[in-house]
Amino acid sequence: MAPETGEMRKRTFVVTRFDPDKDQVPKTQTYEVACRPDWKVLDALNHIKDEIDPTLSHRWSCRMAVCGSCGMNVNGEPKLTCKTQLADYGEVVEVEPLANFPIVRDLVIEMDGFMEKFKSVKPWVIVAKEKAAEEGPNRQSPEELSAFKQFSMCINCMLCYAACPVVAKEPHFLGPAAIALGHRYNMDSRDEGAAERNEVFRGEGTVFHCSYANECTEVCPKNVDPAAAINQAKLNAVVDWAASFVVKRNG
Amino acid sequence: MKTLLLRLEPVIWLLFGAGILLGTLLLPGYLLAVTLGAPLGLLPDGAMSYERAYTLASHPIGRVLLLALIALPLWKGAHHVRALLADWLGHGPDPVIGSLLYAIAAAGSLAGIYAVLTL
Amino acid sequence: MARASHPQAMTPHRPGSTRTAPPQVPDTFWSQPRMRTYLLFDATGIPYLVLGLIVLRVAVALGRGPEAWQELMRDFSNPLYLVFHAIALISVIFVGVRFFRLFPKAQPARLGPIKPPPRPVIHAGLYAAWIAVTLALLVVLGGLWP
Amino acid sequence: MMESFRHDVIVVGGGGAGLRAAIAAVEADPKVTVALVSKVYPMRSHTVSAEGGAAAYVEGKGDSLEKHAYDTVKGSDFLAAQDSVDYFVEQAPLELTRLEHWGCPWSRNDDGTVATRPFGGMAVPRTWFAADKVGFHMLHSLFQHSLRFDRIVRYDEHFVTKLLVDDGAVKGVAALDIRSGAMRMFQGRAVILATGGAGKCFPFTTNGNIKTGDGMSLAYRAGVGLKDMEFVQYHPTGLPGTGILITEASRGEGGYVLNAEGERFLVTRDYGVGQKAELGPRDMISRAEILEIEAGRGIKGPYGEFVQLDLRHLGEAKIMAKLPFVRELSKIYAGVDPVHEPIPIRPVLHYMMGGVDTDVRGATPLPGLYAAGEVACVSMNGANRLGSNSLTECLVFGARAGREAVAYGRGASDGQEARLRAAAEEEGARIDALRGRKRGSEKIAALRSEMQTAMESGCGVYRKQESMQQAVSDLARIKSRYDDIALEDASKVFNTEILAALELGAMLDVAQAIAVSAAHRTESRGAHACRDFPQRNDRDFLYHSMVFHEESGPRLDKKSVTITRFQPEERKY
Ligand SMILES: Cc1cc2nc3c(=O)[nH]c(=O)nc-3n(C[C@H](O)[C@H](O)[C@H](O)COP(=O)(O)OP(=O)(O)OC[C@H]3O[C@@H](n4cnc5c(N)ncnc54)[C@H](O)[C@@H]3O)c2cc1C
Ligand code: SF4
Ligand code: F3S
Ligand code: FES
């Protein structure tokens, strides 16, 4: 579609391959690709899929860093491949599925466990009495909005799970994105469900598993700062826990 | 034991948090003066004589600070060592190891309280 | 480098799931340069734990009397103790530098009616407190005051 | 034996429209269960990429329902069905309010009320927004809200390949579980299609990889007509090369469109947008850009000529507050920081006004089949959609379709299981035969790009009889070659090659429908601009074009337009 631009550069891609129908364990395969200077890692993968090897499987859709489906480990670091410039890499680029997740096939990981954790923090507005639409929107000041806005920016790309050393070793840990999401609702002035979520936060997948490695925040492509969310959530969970001795809750 | 630990997690985390924050604030002064300055002879004569040390430590503020210097690093240490071992041993924070470490911290803190009160 | 850690880590709940390869988890994070700071941070737990126990001994010695105190001071001049305490000091400083950077954002935007100051202010405040406390302790313990 | 699942309503697609439909259905009846079948996890749906905003009347801003309706009908170049538009504008504020109650982080005014911004073709600022990530926030709010209903059962990463029709009514779908490669049957009394648009028929588009027109093809193959397919929207501000969208909100917030000489040509020259300048409707601005480039006032770049979008005068603070995502996208994908430099832009394919023929209830002529969102054509967009109407459309008509489907299901039968199963098994056999089918000589990627080229040259911003006819015949040829494609991947697990093949099949259906409809309309209306027929011709063409699937090829037909209170007049701003 477009004319050639700038200088093409030859690169070697070392890509994880795994087909449960055939392979016992994942292996790697190398592809030589002449890359445009403005290409992202995802462009190269799509080129491989279209022109070299149609059996390569990977997830992607929006190619604009917002759908969250194209996360992979690139040279060992969790990255959104549609946003990762090849220009920042050398000759050899290693592409693996996101670390810390079981591998379904090639670069595709199993994310159902994540989805369960995601749901377990009750990521919806909990109110004692629901309003009818006819009553009009709630009021929320820009300041109240800013208390949770950052934590609502998560695209569920799961890079933070691939980076977190605790997720790697503790299967039950709720993990950064799920906790950030629960915390997002706890901080929302329209929500009344903090007590319920704090119970989840103190449960099996407890927020206290987090040892503040801050790696989640380092890799997050959307500046959600899940590490901040988790550690705020810890404090809230403690305060809420202490309060539960003072005020007996019904139910 | 696992559930018990889970229940206690908020308290442990609070103690740990206090340890990492307050412990870290207090420790350099103590380390520089008592454990490095005095033995290396960098302090004025008599600064760390028994009488002076005892006077300082037995003052109510002294007792509180001394206890803080015992208990806080213990909790910070126990919690972090548990996390470190989790990485080393290759599975999540282990309840047995955790309990052991927290038991050390708890025992140390209790002993500290006793020692500080009976100065 | 990858090893099967916990294949059940993220269990699928859907009809007809297929066999998966276990997650890629490094044997030890030391093999991952970006994890080293974090590991060192956790590793400072060891000197802290030991320090707590040593200060306990300080308290006990103070309670026992001058002899015990003299013995403790002699021990402290032992190179082993000196080296350990030097390492401990470095650890504490490392913890402070890292943690005082991370601490401000763990403050919720609002705790009930209290609104904490902006993060850079907390950060700077922590450093100021750190220096002040250290100087105060040096002055008092160093015998300059009272 | 093939696994099968039974639910009252089957929703195909987990984007804005699909999620809203599923929620509406379970809320309509406490016993109803819904299967939400989607080829990607719902939060990956392309609704996520919408940036600018969602339109609805707000009190106290000098707005009225009638004004919103008039803007919409005028924007549509009077091809909108006015009953649909009336229902839409009336429901719009309620739907956006519901989303607010469900947690959507709408941007706010200082007094805590919801903020609105101006948008192209809208007479007053009535576009609600959440910075410039509106679709993202709406989709995630909907998805997260949907999680509280256990009666919405999700089947993620299931690719629907066929509608199961029994006794003249739709009774379910057959779907490929992408994960295991197994075929599954979903039985239900009603099916709602919410599969989104088909931008991928074109090479240069704002649409993501999943927007391949599957739902349009499903309905088309089941005998339902596709309506107004020639009307595809070009958005005036896409990044050259990638086609990534720079939202219209950037003009809404005051951005300028400049040519190579730094001239605001929408103001200085007559392109029909009049006073509205940068806030004119998309079709007109896209055409103006093309004319500027043709007149030699474009800037040459590695991906063809472009014009510029200048935000510098807005200042960093405003850009960061209102358009942070625009800044991020420009930096990563165009290498410019809009705070300091203008952004290179050119018209880019964006949206399908046409789609599966439905009435105001979201019902298609085929009993049991409903459609909502971009896949559907309730005819509220006519020949040109106004920016920020379509997100609201997903909610309004998604909800309506959900409720209507439940009501319909109460009186409908289950369909004969054995016959449905036989049809599903047959579909399974077709897919099995296709998987890893080595014989054949055509490559998927090559055919896809030939199709895209044909669409771009035939059905671009400006069209010509000759090039449209060329596209029609090219597509027919590509379609016959499609029967001879070769597939290499024989694995059942997460085989994305077979998905690409199925998607290409769907896109070819849609592309053909677009080209055929376009070629027959020898007038210019809304987004359909013919160089050889520059005038609108209400005498001969004030109707919806319909395309039906026949073995021999697409068959054209027409349908009358519902006109109630706004009579066609010249569209001038
Ligand atoms: C970049 C961009 C910006 C936009 N900005 C705005 C804006 O500011 N304001 C506005 O009003 N509109 C905007 N739009 C338009 C609007 O976003 C879309 O029209 C709308 O989101 C479509 O939603 P949908 O629910 O119909 O489809 P989608 O969100 O596309 O969802 C389609 C769903 O169907 C599923 N699906 C598809 N095929 C199959 C199959 N075969 N089997 C199973 N499932 C399937 C997919 O998995 C997906 O879940 C924008 C569009 C784009 C591309
Ligand atoms: S918190 Fe950041 S890294 Fe984690 S899933 Fe969300 S967007 Fe991705
Ligand atoms: S990386 Fe992991 S340990 Fe905590 S701060 Fe982030 S979740
Ligand atoms: S493809 Fe959507 S985030 Fe990368």
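Below, chains carry the letters A, B, ... as their sequence lines are ordered, and counting in each starts from 1. Heavy atoms only: backbone and side chains are in, while hydrogens, waters and symmetry mates are out.
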J.: Need one label for Asp21(A): side chain, backbone, both or neither, based on atoms under 4.5 Å from any heavy atom in chain D.
T.: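 The answer is the side chain of Asp21(A).
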
J.: Hey, are the side chains of Glu130(A) and Trp102(D) touching, using non-hydrogen atoms and a 4.5 Å cut-off?
T.: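 Side chain of Glu130(A) against side chain of Trp102(D), heavy atoms only: no contact under 4.5 Å found.
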
J.: Is any side-chain heavy atom of Asp156(D) closer than 4.5 Å to a side-chain heavy atom of Met111(A)?
T.: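 Side chain of Asp156(D) against side chain of Met111(A), heavy atoms only: no contact under 4.5 Å found.
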
J.: Hey, is the main chain of Asp111(D) close enough, under 3.5 Å, to the side chain of Arg139(A) for a donor-acceptor pair?
T.: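 Such a contact is found between Arg139(A) side chain and Asp111(D) backbone.
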
J.: Which one, Pro123(A), Gly136(A), Ser141(A), leads in non-hydrogen pairs under 4.5 Å with chain D?
T.: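 Option with the top pair count is Pro123(A).
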
J.: Kindly give the heavy-atom pair with the smallest separation between His145(D) and Trp124(A), and that separation in Å.
T.: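 Heavy atoms of His145(D) and Trp124(A) come nearest at CA-CB, 4.1 Å.
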
J.: So what's closer than 4.5 Å to chain A heavy atoms on Phe136(D): side chain, backbone, both or neither?
T.: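 Contact with chain A is through the side chain of Phe136(D) alone.
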
J.: Check each atom of Leu56(A) against the heavy atoms of chain D and say whether the ones under 4.5 Å are side chain, backbone, both or neither.
T.: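 Answer is backbone: N, CA, C or O of Leu56(A) sit under 4.5 Å from chain D.
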
J.: So, does Ser491(D) use its side chain to make a donor-acceptor pair with the main chain of Asp19(A) at under 3.5 Å?
T.: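 Absent.
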
J.: Might you point out which heavy atoms bring His101(D) and Pro137(A) nearest each other, and give the distance in Å?
T.: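 Smallest heavy-atom distance, with atoms named: NE2-CA, 4.1 Å.
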
J.: Less than 4.5 Å to any heavy atom of chain A: does that hold for the side chain of Asn207(D), its backbone, both, or neither?
T.: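 The backbone, not the side chain.
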
J.: Using only atom types and a distance under 3.5 Å, with no angle test, would you say the side chain of Arg44(D) pairs donor to acceptor with the backbone of Gly68(A)?
T.: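 Pair found, side chain donor or acceptor close to backbone of Gly68(A).
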
J.: Give, as side chain, backbone, both or neither, the part of Gln85(A) having an atom under 4.5 angstrom from any heavy atom of chain D.
T.: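 The answer is the side chain of Gln85(A).
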
J.: For the residue pair Pro105(D) and Leu145(A), what are the closest heavy atoms and their distance?
T.: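 Here Pro105(D) and Leu145(A) meet closest at CB-CD1, 3.8 Å.
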
J.: What heavy-atom pair brings Gly103(D) and Arg184(A) nearest, and what distance separates the two atoms?
T.: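 Looking at all heavy atoms of both residues, the shortest contact is O-NH2, 2.7 Å.
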
J.: Is Glu100(D) paired with Lys131(A) through a side-chain N to carboxylate O contact shorter than 4.0 Å?
T.: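 The answer is no: the pair does not qualify as a salt bridge.
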
